[in-house]
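Every chain is numbered from 1, with letters handed out A, B, ... down the list of sequences.
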Protein chains: 2
Amino acid sequence: MRTISPPVGLPALNETDLVGQVARRLTEAIVQGRLPPGSKVVEAGIARELGVSRAPVREAARLLEQQGLLVANPRRGFFVRQFAADDIDEIYDLRLCVERHAAVLAARNLTAETRDMLRRQIDVLHETADLDDPARQVEEDYRFHRLICEIAGNRRMLRLFDDLASELRMVIGLIGRLYDDPHEIARTHEPVLAAIEAGHPERIVAHVDYHIGHAWREVGRLVREIPPWPAAAK
Amino acid sequence: MRTISPPVGLPALNETDLVGQVARRLTEAIVQGRLPPGSKVVEAGIARELGVSRAPVREAARLLEQQGLLVANPRRGFFVRQFAADDIDEIYDLRLCVERHAAVLAARNLTAETRDMLRRQIDVLHETADLDDPARQVEEDYRFHRLICEIAGNRRMLRLFDDLASELRMVIGLIGRLYDDPHEIARTHEPVLAAIEAGHPERIVAHVDYHIGHAWREVGRLVREIPPWPAAAK
DNA sequence: CAAGTCTAAACTGTCGACAGTCGGCGATTA
DNA sequence: TAATCGCCGACTGTCGACAGTTTAGACTTG
């Protein structure tokens, strides 16, 4: 009913929940770097391109703002978030703090079923490692960590993890390559799971620290290496 | 219309920010129990009552949803959040996890200036304790804890704290009374600050645990005592 | 009298329009 | 030539309207 031929690219949206769809599309565009950090997100432009009105776009933008992908300047509009090295530090610092706790709680709640889910996810990580698909690899990585948060059983913690992950997805997506050998990444999950299965809090914390600390250092290094983001167009 | 070059100072408050104002009004109404948990928030109703259109109300509602004061049911509207005992546990569990870390970081960053700010805030807590104004007391309490997060220097951690605090404000506002003697509350902040000044991580964690754990137990007890919220009208 | 059905009112999701604001660019002035 | 002013276009904030969906209530039926 709407949709009078979007000028460029993207096929129009039709299903219900436009906000969600617009949010997903925007997220894609940002993570893929089509909307580079610092660039302005013009409501009307996105709306026209997707064949919807500005209202859903606005709400979607608010959503992405909350997720940390956009920043809003009153009366000036939304801009794609720009990350600096200290953002990486903040994200990983918080992530470490939370995931340590999550892993300990997960160990406490672990059942045969949830344990198997974690094991299976590590298998998936190994399988994915052969695909040479960084985005996918990162996704499966997060799925493992997310599982731990789920098993921990604190919904707010899970949401926090999702928010942090969404920021990291963007950073890593923009970096464009993985910070390490995929198989190596997959392997370093194993001692974490082992510690959780053993249920020894100190060992859990130690292994989570090692695992996440590793990623922290590597991502931090890459961000510092390629500091001026791809193209802060417009 | 716009202020022509404000000489010095800071008058330029965006009073044209309807969304912010609506959000504040809504928050007030919720915390004061005028919009009881479970009740429906009708966009048009709020809009008419505040003399604005539905658009700003919608955006404000999304904001409160992110803060955890409202829940959105697609096609059904927004409802005032209902808290159960396990929500309290989730909030405090996360809060404890984060504030432990924040306090340790704050100790690391502590300067004479920030230390004085913390001391002064404890004084304020004592002064406020005589006012018999629970809401105010809670506010000053959070200001102390918020300061610690600020000093810790992780913006994302600060935002997380603010979100959790906003949920707790609502819960405690609805409980309608404090969970303890205000002076007692004020006093229990002192060992936390002392530990931070001493800069001894284990002691910091121990005292934060004690302090927040106390609030956790007390709030949890009250919530369990008065479980069916005031009036889930409409 | 309980359960189910149908209808009307109430609301949400979405849209297009309009006014005010912001930023850029060229003209103006020293 | 550099700095300032003012205008113009572009964009955001807000509004009222409309269509489709949900809800409440009257009405029917077993």
Novice: Considering only heavy atoms, which members of residues 61-73 of chain B lie under 4.0 Å from some atom of DNA chain D?
Specialist: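 None, since no heavy atom is under 4.0 Å.
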Novice: Sequence neighbours left out, what passes side-chain hydrogen bond (donor to acceptor under 3.5 Å, both in side chains) with R136(B)? Give chain and number order.
Specialist: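 E140(B).
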Novice: How sharply is the helix from dC1(C)-dG30(D) to dA30(C)-dT1(D) bent, taking the axes over five pairs at either end and rounding to 10 degrees?
Specialist: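 Its terminal axes enclose an angle near 10°.
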Novice: Between K40(A) and dA10(D), is there a contact of a side-chain N or O with OP1 or OP2 at under 4.0 Å?
Specialist: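 So the side chain of K40(A) is outside the cut-off, no N or O lying under 4.0 Å from OP1 or OP2 of dA10(D).
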Novice: Using the closest heavy atom to pick a nucleotide of DNA chain C for each, name whichever of R48(B) or A55(A) lands nearer the 5' end.
Specialist: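 Mapping each residue to its closest nucleotide by heavy atoms, the 5'-most match is R48(B).
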Novice: Could I get the full list of side chain to side chain contact (heavy atoms under 4.5 Å, CB included) partners for Q32(A), not counting sequence neighbours?
Specialist: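 Testing Q32(A) for side chain to side chain contact (heavy atoms under 4.5 Å, CB included), a comparison that skips the adjacent residues, returns E28(A), R34(A).
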Novice: Under the side chain to side chain donor-acceptor pair (under 3.5 Å) rule, what pairs show up with a residue in residues 96-105 of chain B, not counting sequence neighbours?
Specialist: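 Qualifying pairs: D93(A)-H101(B), R95(B)-E99(B), E99(B)-H145(B), R100(B)-D209(B).
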Novice: Hey, could you give me each pair passing salt bridge (Lys or Arg N to Asp or Glu O under 4.0 Å) that has a residue in residues 146-161 of chain B? Not counting sequence neighbours.
Specialist: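 Found D86(A)-R155(B), D87(A)-R155(B), D87(A)-R156(B), E90(A)-R155(B), E90(A)-R156(B), E167(A)-R156(B), R146(B)-E150(B), R146(B)-D162(B).
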Novice: Please classify the nucleic acid contact of V57(B) as base, sugar-phosphate, or nothing, using heavy-atom distances under 4.0 Å.
Specialist: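 Since no nucleic acid heavy atom lies under 4.0 Å of V57(B), the category is nothing.
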Novice: Could you list the residues that satisfy side chain to side chain contact (heavy atoms under 4.5 Å, CB included) with A215(B), not counting sequence neighbours?
Specialist: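 Counting only residues at least two positions away or on another chain, A215(B) forms a side chain to side chain contact (heavy atoms under 4.5 Å, CB included) with Y92(B), Y179(B).
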Novice: So, does R54(A) get its side chain near the phosphate of dC15(C), meaning an N or O under 4.0 Å from OP1 or OP2?
Specialist: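 Result: no.
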Novice: Could you tell me whether the phosphate oxygens of dG20(C), OP1 or OP2, come under 4.0 Å of any side-chain nitrogen or oxygen in R75(A)?
Specialist: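 For R75(A), the contact criterion (side-chain N or O under 4.0 Å from OP1 or OP2 of dG20(C)) is not met.
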Novice: I'd like to check the side chain to side chain contact (heavy atoms under 4.5 Å, CB included) partners of V104(B); sequence neighbours left out, ordered by chain and number.
Specialist: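 For V104(B), the residues satisfying side chain to side chain contact (heavy atoms under 4.5 Å, CB included) (neighbours in sequence not counted) are R108(B), I204(B), V205(B).
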Novice: So which protein nitrogen or oxygen atoms get under 3.5 Å of nucleotides 7-9 of chain D's nitrogens or oxygens?
Specialist:
none

Novice: Please list, chain by chain and in numerical order, all residues satisfying salt bridge (charged side-chain N to carboxylate O under 4.0 Å, His left out) with E59(B), sequence neighbours excluded.
Specialist: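 Once residues adjacent in sequence are excluded, the partners of E59(B) under the salt bridge (charged side-chain N to carboxylate O under 4.0 Å, His left out) criterion are R58(A), R62(A).
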Novice: Under the side chain to side chain contact (heavy atoms under 4.5 Å, CB included) rule, collect the residues that match up with E127(A), sequence neighbours excluded.
Specialist: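 Checked E127(A) against side chain to side chain contact (heavy atoms under 4.5 Å, CB included); matches are D123(A).
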Novice: Give the nucleotide from the list dC15(D), dC22(C), dT14(C) with an atom nearest to the side chain of R76(A).
Specialist: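 When the side chain of R76(A) is considered, dC22(C) is the closest of dC15(D), dC22(C), dT14(C).
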Novice: Taking only residues two or more places apart in sequence, or in another chain, which ones meet Q67(A) in a side-chain hydrogen bond (donor to acceptor under 3.5 Å, both in side chains)?
Specialist: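 side-chain hydrogen bond (donor to acceptor under 3.5 Å, both in side chains) list for Q67(A), sorted by chain: empty.
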Novice: Measure from the side-chain heavy atoms of R58(B) and tell me the nearest of dG13(D), dT14(C), dC11(D).
Specialist: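 From the listed options, dT14(C) comes nearest.
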Novice: Looking across every strand, which nucleic acid part, if any, lies under 4.0 Å from V22(B) by heavy atom: base, sugar-phosphate, or nothing?
Specialist: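 Counting heavy atoms under 4.0 Å across all strands, no contact is made by V22(B).
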